[in-house]
Amino acid sequence: MAHKLVIVESPAKARTIGGYLGSGYVVESSIGHIRDLPNNAADTPAKIKDKPWGRLAIDVDNGFEPYYVVPRDKKSHISKLKQLLKDADELYLATDEDREGEAIAWHLLDELKPKGIPVHRMVFHEITKAAIQEAAANPRELDMDLVEAQETRRILDRLYGYEVSPVLWRKVMSGLSAGRVQSVATRLVVDREKERMAFKVASYWDLEGTFDAGSKHDQRMFPAKLHSIDGTRVASGSNFGQDGQLKAKADVVHLDKRRAEDLVAALADTSYDVRSVEAKPYRRSPYAPFRTTTLQQEASRKLGMSASVTMSVAQRLYENGFITYMRTDSTTLSGNAIAAARAQVQELYGAEYLPDAPRTYASKVKNAQEAHEAIRPAGDSFRTPAQTGLTGDQFRLYELIWMRTVASQMKDAVGQSVTIRLGGAAGTGEDVVFSASGRVITFHGFLKAYVEGTDDNAAKDDQETRLPNLQEGDPVSAASLSANGHETKPPARYTEATLIKELEDREIGRPSTYASIIGTILNRGYVYKKGTALVPAWIAFSVVRLLTEHFTRLIDYDFTALMETVLDDIARGEKDRVSELSEFYYGSERLAGLQRLVTELGDIDAKELATFPVLDDDGAESGIDLRVGKYGPYLEGPDDGSGTRVRANVPDDLPPDELTVEKAKELLANPAGEEIDLGVHPETGLQVVAKNGRFGPYVTEVLPEDAPKGAKARTGSLFKSMSLDTVTLDDAVKLISLPRIVGVGEDGEEITAQNGRYGPYLKKGTDSRSLTSEDQIFGITLDEALKIYSQPKQRGRAAAAPPLKELGNDPVSGQPVVVKAGRFGEYVTDGEYNATLRKDDSVESITIERAAELLAERRAKGPAKKAAKKGAKKTAAKKTTAKKSAAKKAPAKKAAAKKS
DNA sequence: CAGTGAGCGAGCTTCCGCTTGACTT
């Protein structure tokens with residue numbers, strides 16, 4: 001039977017809308033984007049792989065034409081949609097009405113290719129029966145200008161990310177990344193840390209007292225603070241700047257301890273009178289209903305949920321029909337929602353809390369796309385939290401959303417704020433004024449339902465301080481007075497919630513990505529969490545420095561906002577996508593293009609980039625440098641002219657702003673870190689210790705201070721079977737005795753056994769042979785050693801690697817194909833060509849057909865040996881780097897994955 | 001960053017935004 005096919009983005013939405021449209025309609029979802037640029041080489045179609053721009057999947061030479069693919073996990077879904085389309089007599093593309101939604105609609109059209117049936121673009125902002133039916137009755141055309149704007153955004157992000165990231169691989173560390181959003185987020189965290197490092201603590205003092213209004217007042221005692229001396233204000237926290245120091249223009253008295261205490265003494269006999277009473281009406285309007293970022297902030301402040309936890313809990317609430325869509329930048333409530341909230345206000349708080357007219361909230365977000373409603377309880381009447389039957393996190397998050405929504409339709413809170421000034425004369429003749437402020441809320445309004453949390457210790461909106469009802473001229477006495485010292489505090493580190501807020505304020509990122517932005521910069525190792533604070537790692541300093549020095553425009557805080565302006569122009573048909581992308585990539589008279597920036601890297605000095613002088617409190621250089629190395633951050637002591645500088649590791653979890661000159665000196669004084677005393681060597685009498693070094697744990701002798709120049713401490717790596725915790729003095733004595741002389745060969749040359757870079761081995765002159773186990777170093781006899789030397793050298797190597805699996809014969813070469821485990825992972829070989837298994841292959845699942853495919857691909861590239869010989873040295877060096885950094889990265893990723 | 005020798009298959013990392021399940025731990 002023929003039907004009309006409606007495609008929306010979200011499955012949950014499809015279910016709801018299906019119910020509103022009734023029979024005759026089939027509502028399905030696209031589940032987000034259905035096509036994208038290929039993610040990596042494995043997903044890149046063969047026909048563009050070999051193009052110079054194949055890696056980008058954007059033909060930068062021909063109008064920046066993008067090459068889209070349907071990701072593997074979406075293929076079956078696309079077939080399902082195609083199947084549904086076969087029996088459809090009309091197609092409604094009902095994706096979200098924003099830039100991305102318009103593009104999804106176009107991708108659907110382009111991929112499904114409906115033949116001979118009408119296609120409509122249907123849009124709605126509310127999911128109510130009336131709104132959906134009206135939308136279906138009044139469809140529009142696809143807005144191709146808006147699609148162009150989306151493609152421009154997508155292409156620009158790809159060019160930025162996939163061109164700049166490789167620069168970081170070459171200059172900083174393999175596997176790193178750069179992007180329009182993550183790099184700015186990282187920069188924010190790094191810049192904040194730099195502010196903290198430049199911060200110098202200042203102290204200031206003030207006076208606080210408890211005053212007595214006399215027995216005729218109900219509220220007799222009240223607190224007040226010193227306000228001014230002889231008409232000049234006393235310095236308080238707000239007079240100090242971001243650097244911690246008194247602002248240059250501050251016309252204030254800066255009290256120190258002595259002056260403050262002297263003043264307390266001079267005020268011992270002072271009586272006061274009320275100089276002024278200033279009352280102002282206090283009025284506070286409700287907060288707007290939740291959008292993604294405000295929900296994430298409040299869930300963090302009140303429920304202690306991370307952004308990603310908040311989103312997944314909200315997702316479950318959404319899927320089960322408890323709340324509206326949770327990825328939104330809109331604070332707008334539908335008419336039904338306003339009515340539901342108002343009904344609930346009436347019911348729970350009474351008519352006096354209900355404003356005469358419904359409240360509406362305009363979006364504060366500058367680049368808001370408003371495709372959805374605010375986040376609120378779902379339905380035309382709200383369920384109270386108790387009525388939902390929810391538990392745990394879902395209950396608590398629902399309650400938060402429900403309260404916020406209901407409160408948004410309540411009356412303002414009103415009251416009075418009062419400032420009272422008290423004056424008196426000090427014994428020294430100075431005129432002093434104290435100030436007391438109070439707030440009384442006479443009608444709580446929405447505050448009765450919902451009070452927003454605060455990030456620092458700022459007063460909450462419902463906080464009250466009552467003052468006595470004093471009049472000008474009334475006498476007041478001081479019950480107690482004290483001098484209090486304060487210190488200026490550095491700007492606080494970002495938390496997930498405050499960083500997200502900052503990004504939103506700067507129009508960077510979208511509701512669907514805020515939580516994952518945090519994930520990205522954590523996973524790359526740019527930042528780590530210390531409690532809830534985001535602390536930048538030193539490698540982030542290197543990356544931000546490279547980007548600010550060489551890609552200044554791209555990491556500018558305004559880059560995204562400027563891009564949005566251009567995209568809006570494209571969406572209105574006023575600018576052309578190709579010329580904008582061309583300017584971005586190839587440059588113009590006024591701008592350097594990205595392509596030139598990433599190819600002309602000669603002046604990027606990787607070493608300099610990774611070096612940060614450790615500065616003292618006055619910002620002067622100490623001669624000590626922090627450097628970001630392959631093994632993490634380390635310190636280099638001052639150059640004393642000896643040619644070598646003392647080095648020391650910096651603990652991974654030492655926040656950059658805690659690396660003072662004193663701390664650096666302390667670390668340099670004990671460069672090796674912890675060492676374990678094993679005792680005294682029975683023969684030499686020297687102390688023997690175990691340490692962790694560059695190549696892992698090892699033992700070494702401690703040479704006496706009067707040891708002759710040039711004397712070297714003997715060392716030895718621990719065997720793999722040993723560990724720092726369990727190694728004994730006996731083990732150590734044996735290890736440092738190496739190499740062991742096994743005997744003399746037939747040619748008169750000495751054969752020794754030892755441990756090295758590639759494991760245990762025998763050495764005879766320049767001829768070396770691997771051993772299979774570390775125990776052989778001590779156990780092997782001369783006869784066995786001679787036997788090994790009697791065999792040709794190749795043998796030990798080949799014998800060590802039996803194939804993991806035999807697959808049969810290759811159809812092309814006819815040779816047997818086997819799977820082997822190699823240095824770079826598992827690979828298949830037919831004896832001549834080797835091909836590494838790809839991400840989706842495994843030893844268990846691989847077939848001869850797949851192996852033949854891999855070998856055919858490999859064969860197409862020609863023999864490897866010639867290529868390998870070219871610039872062999874350079875390649876070898878690079879390989880080592882890549883391998884080490886990969887090895888280093890793996891555990892970090894695992895740890896991150898475990899947490900989440 | 002302790003200091004010791006070879007020779008073995010390269011291939012891939014990465015962006016931002018839109019959506020959920022299908023995975024494993």
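Here is how names work: the chains are called A, B, and so on, in the same order as the sequence lines, proteins then strands, and each is numbered from 1. Remember, it's a predicted structure, so these values are computed and weren't measured experimentally.
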Reckon [X] has a side-chain N or O less than 4.0 Å from the OP1 or OP2 of [N]?
X         : N       : answer
Tyr325(A) : dT19(B) : yes
Ser177(A) : dC15(B) : yes
Arg524(A) : dT14(B) : yes
Arg180(A) : dG17(B) : yes
Thr95(A)  : dC18(B) : no
Arg154(A) : dG17(B) : no
Gln150(A) : dG17(B) : no

Out of dC12(B), dC15(B), dT19(B), which nucleotide sits closest to the side chain of Arg327(A)?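 Closest nucleotide to the Arg327(A) side chain: dT19(B).
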Among dG5(B), dC16(B), dG11(B), find the nucleotide with the atom closest to the side chain of Asp36(A).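 Selected nucleotide (nearest to the side chain): dC16(B).
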Any base atoms under 4.0 Å from Arg35(A), or only sugar-phosphate, or nothing? Heavy atoms, all strands.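 No contact.
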Tell me what Pro166(A) touches on the nucleic acid: a base, only sugar-phosphate, or nothing, going by heavy atoms under 4.0 Å.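 If one applies the 4.0 Å heavy-atom cut-off, Pro166(A) turns out to touch a base.
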How long is the line joining CZ of Arg99(A) and C1' of dC16(B), in whole Å?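 Value for this atom pair: 11 Å.
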Expressed in angstrom and rounded to an integer, what is the separation of Gln182(A) atom CD from dC16(B) atom C1'?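 Interatomic distance, CD of Gln182(A) to C1' of dC16(B): 9 Å.
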Check for a donor-acceptor pair, side chain of Asp36(A) on one end and backbone N or O of Asn39(A) on the other, with a separation under 3.5 Å.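 Side chain of Asp36(A) to backbone of Asn39(A), a donor-acceptor pair under 3.5 Å: no, none is there.
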Ignoring hydrogens and angles, tell me if any N or O in the side chain of Arg99(A) forms a donor-acceptor pair with the backbone of Gln150(A) under 3.5 Å.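 No, Arg99(A) side chain to Gln150(A) backbone: no donor-acceptor pair under 3.5 Å.
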Does any residue of residues 511-521 of chain A have a heavy atom under 4.0 Å from DNA chain B, and if so, which ones, in number order?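 Under 4.0 Å from DNA chain B: Ser512(A), Thr513(A), Thr520(A).
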What residues, two or more places apart in sequence or in another chain, satisfy side chain to side chain contact (heavy atoms under 4.5 Å, CB included) together with [X]?
X         : value
Ala732(A) : Leu678(A), Val688(A), Val699(A)
Val181(A) : Ile508(A), Ile517(A)
Tyr68(A)  : Arg35(A), Leu37(A), Pro66(A), Trp106(A), His107(A), Glu151(A)
Pro71(A)  : Asp73(A), Lys74(A)

For [X] and [N], say yes or no: do the ring centres fall under 5.5 Å of each other while the ring planes differ by less than 30°?
X         : N       : answer
Tyr698(A) : dA2(B)  : yes
Tyr160(A) : dC15(B) : no
Tyr761(A) : dG5(B)  : yes

Partners of [X] by salt bridge (charged side-chain N to carboxylate O under 4.0 Å, His left out), sequence neighbours excluded?
X         : answer
Lys171(A) : none
Arg714(A) : Glu701(A)
Asp157(A) : Arg153(A), Arg180(A)
Glu102(A) : Arg121(A), Arg140(A)

Applying ring-ring contact (aromatic ring centres under 6.0 Å, His included), can you list everything that pairs with Tyr761(A), at least two apart in sequence or on another chain?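 Tyr761(A): no ring-ring contact (aromatic ring centres under 6.0 Å, His included) contacts found.
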Please compare Met563(A) and Ser165(A) by the position of their nearest nucleotide in DNA chain B and report the one closer to 5'.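 The residue whose closest nucleotide sits nearer the 5' end is Ser165(A).
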Would you mind telling me which residue lines up with the more 5' stretch of DNA chain B, Gln754(A) or Gln369(A), judged by nearest nucleotide?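 With Gln754(A) and Gln369(A) compared, the 5'-side residue is Gln754(A).
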When you look for runs of 3 or more Watson-Crick or G-U pairs in a row, both distances below 3.5 Å, which of them include DNA chain B?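 In DNA chain B, stems of three or more pairs: none.
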Close N/O contacts between protein and nucleotides 22-24 of chain B (under 3.5 Å):
none

Any luck finding a side-chain donor-acceptor pair between Asp625(A) and Thr611(A) under 3.5 Å?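 Not at all, the side chains of Asp625(A) and Thr611(A) share no donor-acceptor pair under 3.5 Å.
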Heavy atoms from other residues, nucleotides or ligands near NZ of Lys49(A) exceed 12 (cutoff 6.0 Å):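 Yes, enclosed.
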Check: dC15(B) base within 3.5 Å donor-acceptor of Arg158(A) side chain: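 Under the 3.5 Å cut-off, the side chain and the base do form a donor-acceptor pair.
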